[in-house]
Protein chains: 2
Amino acid sequence: MEELNYKEYLNKYGMKSTKQRNLLLNILKNIKIPHTAEQIYLKARKSDALVNLSTVYRILEKFTEKKITLRTSFMDEKCVYSLFPTTHQHQLICLRCKKVILIGGCPLKEFEKTVEKQTDFSIVNHRLELYGYCRDCQKIIAAN
Amino acid sequence: MEELNYKEYLNKYGMKSTKQRNLLLNILKNIKIPHTAEQIYLKARKSDALVNLSTVYRILEKFTEKKITLRTSFMDEKCVYSLFPTTHQHQLICLRCKKVILIGGCPLKEFEKTVEKQTDFSIVNHRLELYGYCRDCQKIIAAN
DNA sequence: TTGCAAATGCAAATTATTTGCAATAATATA
DNA sequence: TATATTATTGCAAATAATTTGCATTTGCAA
Ligand SMILES: [Mn+2]
Ligand SMILES: [Mn+2]
Ligand SMILES: [Zn+2]
Ligand SMILES: [Zn+2]
């Protein structure tokens, strides 16, 4: 964790720079996979700055509203948050260890056009996730 | 609502035929879009047979386990249930009126193979939903 | 520096879903 | 058909994630 001040950045979004928000931005910058509000809260506790869990929820809500973060929810599980991706991408999720791999490249452009013609819908976005087993988990499963 | 007895069908799955289960099967058969447990419960109450909400949850849980129903959860919202589709299909959802259109034909087979090669994952399924505006809602939005 | 709106902490509320347990109902079989 | 054996149900209470009310604190613009 280096930089702990995102004042300009936050002000640009009309948000005050608080130690809690700076801290969360820093945490979000350093995580490689999406985290739940509670996971982020637990990381925050480890730092010297204290944050309350409701504050974490409130901050993530505001960040999501401003598209600073992306809020995702898998099948049944809790919502997870990550910095909003700069490019359009999709996720490949391991059903056993929950590892997430981001995949660039979207296979849906043509399909969307076809569907638009067939249905008269105007499609504005989509959600695509692939589920499977990562190499490690494939081995573990095979060994049982 | 015609037939109210699915005894053979339920027994085949190792489940007893109860008036609650028969009723739910009938409701599920007649709905055109996925419903929440509570929506199904409310429809059930309208019939003469009484059902408890926890029972509805328990029945839907068991149905889902047996793949009689499909349990889906959109972004933040509650889980919804529908009869398990006989063919692989995806949903096109209107962001304004929440209408759901089912679309047959999956554009992902080739893409999955490519991703498997790139990532060493073994892909077992995927989730694809398209979001947009239905024709009616497009008009309404344009008129504002 | 001060004033005020925005942000926070804390506890309590909400909401969807699940669970324990005693009562009831469905099936198998005597 | 009567009975025994389980599975299923109803009801109330528990859980778990998220949200909210309110008093206090903080950031920042004037
Ligand atoms: Mn895409
Ligand atoms: Mn598909
Ligand atoms: Zn894995
Ligand atoms: Zn619509």
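Nothing here was measured: the structure is a model prediction, and the numbers come from that model.
Among residues two or more places apart in sequence or in another chain, the side chain to side chain contact (heavy atoms under 4.5 Å, CB included) test is passed with Glu65(B) by Lys62(B). For Ser82(B), the side-chain hydrogen bond (donor to acceptor under 3.5 Å, both in side chains) criterion is met by no residue, not counting sequence neighbours. Legend: residues meeting ring pair (Phe, Tyr, Trp, His ring centres under 6.0 Å) with His35(A), ordered by chain and number and at least two apart, are absent. With sequence neighbours excluded, the residues satisfying salt bridge (charged side-chain N to carboxylate O under 4.0 Å, His left out) with Lys99(B) are Asp136(B). In this view, Tyr133(A) satisfies the side-chain hydrogen bond (donor to acceptor under 3.5 Å, both in side chains) rule with no residue, not counting sequence neighbours. Residues forming a ring pair (Phe, Tyr, Trp, His ring centres under 6.0 Å) with Tyr9(A) (at least two apart in sequence, or on another chain): Tyr13(A).
Atom-to-atom, CZ of Arg21(B) to C1' of dT27(C) comes out at 13 Å; the value is rounded to the nearest Å. Distance NZ (Lys19(A)) to C1' (dT26(D)): 8 Å, rounded to an integer number of Å. When rounded to the nearest whole Å, the span between CG of Leu23(B) and C1' of dT8(D) equals 15 Å. Note: CZ (Arg45(B)) to P (dT9(D)) measures 16 Å, nearest angstrom. Per the geometry, OH belonging to Tyr41(B) stands 15 Å off C1' belonging to dT15(C), to the nearest Å. Ile40(B) places its CD1 atom 11 Å from the P atom of dT17(C), with the value rounded to the nearest Å. Separating the CG atom of Leu42(B) from the P atom of dA16(C) is a distance of 12 Å, rounded to the nearest angstrom. For the pair Leu50(A) CG and dC10(C) C1', the computed distance is 13 Å after rounding to whole Å.
Other cluster members for Leu130(A): Leu92(A), Ile101(A), Ile103(A), Leu108(A), Phe111(A), Val115(A), Phe121(A), Ile123(A), Leu128(A), Leu92(B), Ile101(B), Ile103(B), Leu108(B), Phe111(B), Val115(B), Phe121(B), Ile123(B), Leu128(B), Leu130(B), joined by side-chain heavy-atom distances under 4.5 Å among Ile, Leu, Val, Met, Phe, Trp and Tyr. With side-chain heavy atoms closer than 4.5 Å counting as contact, directly or through intermediates, Leu50(B) stands alone and belongs to no larger hydrophobic cluster.
The stretch residues 52-67 of chain B touches DNA chain D through Asn52(B), Ser54(B), Thr55(B), Arg58(B), Ile59(B), Lys62(B), each having a heavy atom within less than 4.0 Å of the strand.
Within the 3.5 Å criterion, the main-chain N or O of Thr64(B) finds a donor-acceptor partner in the side chain of Thr69(B).
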Taking Watson-Crick and G-U wobble contacts under 3.5 angstrom, with | marking pairs to another strand and [ ] crossing pairs, the secondary structure of DNA chain D is written ||||||||||||||||||||||||||||||
Enumerate all atom pairs, one protein N or O and one N or O from nucleotides 28-30 of chain D, separated by less than 3.5 Å.
residue : atom : partner  : partner atom : Å
dC28(D) : OP1  : Asn11(A) : OD1          : 3.4
dC28(D) : OP1  : Ser17(A) : N            : 3.0

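In this structure, the side chains of His126(B) and His90(B) come closer than 4.5 Å at one or more pairs of heavy atoms.
OP1 or OP2 of dG10(D) has at least one side-chain nitrogen or oxygen of Gln20(B) nearer than 4.0 Å.
Contacts classified as salt bridge (Lys or Arg N to Asp or Glu O under 4.0 Å) and involving residues 108-120 of chain A (residues at least two apart or in different chains) are given here: Glu110(A)-Lys113(A), Asp120(A)-Arg135(B).
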